[in-house]
Enquirer: 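I have a structure I would like to understand better, so I am pasting it below and will then ask my questions one at a time.
Small disclaimer: the values here were computed from a predicted structure and weren't measured. We name chains A, B, ... by the order of the sequence lines, and we start the count at 1 in each one.
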Amino acid sequence: MLREWSLAGATFPAITGLFVLSLLVLWLVDKLIGRMGVYRYVWHPSLFKLCLFVCIYSLSAFWVYQ
Amino acid sequence: MSVNLASIKQALASWAKQEGLTLLFIIQGLIAIFLTLWLAMRLELPQPAVACITVIIVMQPQSGQVLVKGAYRFLGTIIGCVAMLVLVALVAQERVLFLLVVAIWIGLCAAGAMAFRDYRSYAFVLAGYTATLIGIPAVQNPDAAFMMAVWRLLEIGLGIVCASVISACLLPQTSTKAMQQSVKKRFGEFTAFVLENLAEPDNQQQYEHSMLLFATQAVGWENLRNVSSIEDYVSKQRKQRLARLNQEFMQLTSRYAGLHSLLQRVRLHYDNDITTAIDSCLAIVKDTIAPYRGSSLSSQQAKQVADIIATKQENLRLQIRAESARMTVLLSEQQKLDFDTACELIYRLFDEMRSYCDTQASLLTEQHPYEHESTRFQTKLNPVGALITGLRTSFIVLTFGSVWIATAWPSGNNFAMVAIAISAIVTTTPNPARSARQITLGTFIACLLGSLVNLVVLPQIDGFALLCFALAPVYVMGFYLSTQPKFAGYGMGLLIFFTFGAVPLNPAVFDPQLVINNYISLVLAQAMVAVILTVIIPADNGYVWSRLNKEMRLQIPTLFKPKQAQRRQRFESQTRDLLSQCYGFAGDSPEQYKNLIRMSFAVQIIGHAIIEMEETEQQLLSEKSVNHDWLQQKEILKQYVTALFERPNAMQQGILLEQLATMMDWLRPQISTLSRFESSPPKQLLSHLHVIRNTVLDSHLFNLSSVTSREGGNYAA
């Protein structure tokens with residue numbers, strides 16, 4: 001995986017793009033577990049979501065910086 | 001001792017509800033700003049101040065609002081960035097042409113923000129604001145435009161992310177909670193209003209005030225519902241039911257408006273007999289709802305209330321029949337009609353209360369059939385208002401840009417930039433002129449404090465912690481002011497422009513001349529924007545008022561348009577939306593506003609009657625028992641109503657009243673005296689016509705003496 005992506009000649013760090021992708025993944029996961037009713041057992045939903053995002057984002061960053 | 005403890009507990013609880021929340025908001029704001037500042041310094045962004053200003057613009061007491069605002073603002077920022085890069089690439093060489101294009105772009109954004117007054121407006125505001133922020137410095141050195149755009153995008157993005165995370169995770173005040181509380185309180189508020197108004201029917205001021213409050217609440221509710229359904233899964237699962245609840249609430253208030261105006265008339269014209277009869281029917285409603293006066297109602301309790309009302313409905317029906325039988329001999333034809341109509345309204349009001357409680361009870365479960373019904377709150381676009389705002393903003397851009405070019409003032413770029421940004425930001429506030437005036441004064445104080453911190457304090461200190469201590473006092477004050485509705489503008493100006501001058505660049509620069517020059521341009525720009533908004537093109541001019549009045553009247557002819565899905569929902573929501581649109585500048589011209597309120601009540605009452613008349617007709621059509629003559633008569637009625645509401649004048653009013661009288665005379669022989677109200681469509685139709693007639697008779701309504709001459713002239717021209 002390249003550490004920099006090029007968009008019409010302008011390079012930017014891959015983790016910027018991954019940030020957006022992680023947000024999309026988070027959105028999907030959030031929808032899924034919401035439908036499963038997981039949030040009924042969660043004390044602090046937004047904190048839970050934030051942690052979930054950190055996990056997803058970090059995992060994807062490991063993929064770049066192996 | 002125990003009494004003392006209880007009172008202390010109570011005092012603590014009430015403190016936590018008010019001052020406690022303000023304190024929490026201030027703490028959240030401080031943490032969000034300093035976190036952003038630290039990250040911006042750590043990530044070596046060139047202008048940490050831009051990131052901090054974003055936090056200030058996004059920060060709200062409710063976390064859901066921050067999330068939604070943040071998301072839309074980020075979207076707006078990206079759009080603004082892209083638009084500006086294209087413009088810089090195309091016309092940066094020619095400063096005048098560039099200004100013209102920027103003026104058009106920002107005018108469009110401001111018009112968009114004005115047209116969509118919900119969360120979408122943030123995207124428009126920020127698209128305009130970012131465009132200025134990037135565009136004006138870029139025109140001086142176009143080579144750096146791309147990098148500058150990237151930096152601003154990152155800075156704004158950082159601010160939005162920090163504000164959202166802090167507000168959502170650190171002791172969040174969720175919009176869902178606010179929503180739930182308001183659901184609980186609403187029925188109690190309505191019953192309190194009804195009981196008070198029935199006890200004191202002549203207190204017109206109180207009545208108008210409460211009805212207005214309900215209308216603006218309905219619009220605010222819709223916003224809250226959208227925001228909380230994005231924030232939280234619990235609300236998301238109940239989104240449609242909450243919409244339905246709001247819709248039913250609006251119907252309740254419309255129904256009550258109809259009953260109120262009828263009762264007023266009956267009390268004015270008739271003797272005791274009929275009023276006692278009506279009162280004895282009303283007493284059942286009053287007794288039933290009295291226990292819930294002003295109380296908060298959970299969803300379980302709502303179920304019980306719905307059941308109680310359902311059993312009492314039968315009593316009411318019997319009571320109405322008994323009174324009606326007793327009255328038959330005593331009353332004239334006209335009085336009987338009034339009595340029947342009043343009873344019908346009371347019965348329907350009661351039924352709608354039951355149905356409201358029923359919907360509230362449906363919120364208890366996760367799944368419910370109501371959830372699959374779609375109810376939409378439709379806002380009313382105000383194209384003229386949007387156009388005026390757009391033109392005004394473009395005008396400001398051109399004026400300030402020309403001053404900058406003509407004087408070649410070194411701080412002219414700042415001067416133009418700030419003026420444009422502020423006029424974009426105040427667009428969405430209820431009263432732009434007042435906000436701009438407040439922000440100007442806030443900016444002035446910010447200048448003094450900012451210069452003090454930047455020139456005297458910052459050179460003495462070292463390290464991030466001390467920087468925070470130097471900035472914190474002003475931020476605390478600013479955040480406190482921004483939580484007070486009356487002083488929100490001062491707080492905003494203070495926070496934004498203090499940050500602008502006091503937060504150091506990265507790396508920090510000590511340049512007193514630059515700071516003072518910047519601040520002079522800021523205050524000048526602010527003051528000029530305030531003057532332009534107040535004097536030259538105020539938002540609350542007579543033309544806008546007459547436009548709004550007309551829009552309100554046109555709600556009635558729109559009802560007749562064929563094939564409308566959710567006609568009733570559209571009607572209820574748009575009348576409220578129109579009313580709340582001008583709530584902001586109501587204080588500046590109370591007389592105009594009063595006219596609009598009166599018109600909106602009449603429109604609600606007549607609209608309701610028309611909708612229900614057509615429902616009855618549909619029912620007859622399905623039974624194939626509708627009379628051909630009636631349909632013809634109704635076509636004529638439609639034409640006359642449309643004509644009157646499009647161009648009110650005494651002649652049209654007379655024609656319409658005559659038509660109504662004809663129709664009522666035609667209906668009367670169809671009614672057998674024995675038939676009961678609920679099983680006699682002609683009787684129902686007659687009572688709807690009667691309601692329309694009573695409302696149209698109100699000569700103050702169309703303000704006929706003045707409106708006819710002025711608007712007549714307009715149409716002739």
Enquirer: Are there donor-acceptor atom pairs under 3.5 Å between chain B and chain A, and if so which?
Expert:
unit_1	atom_1	unit_2	atom_2	d
B:Ala168	O	A:Ser46	OG	2.7
B:Cys169	O	A:His44	NE2	3.1
B:Glu231	O	A:Lys49	NZ	3.3
B:Tyr233	OH	A:Arg35	N	3.2
B:Glu366	OE2	A:Arg40	NE	3.1

Enquirer: At a 4.5 Å cut-off on heavy atoms, which part of A:Leu50 comes close to chain B: side chain, backbone, both, or neither?
Expert: side chain
Enquirer: Can you run down the side chain to side chain donor-acceptor pair (under 3.5 Å) pairs that involve residues 46-61 of chain B, sequence neighbours left out, and say none if there aren't any?
Expert: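 Applying side chain to side chain donor-acceptor pair (under 3.5 Å) to every pair that reaches into residues 46-61 of chain B, excluding sequence neighbours, yields nothing.
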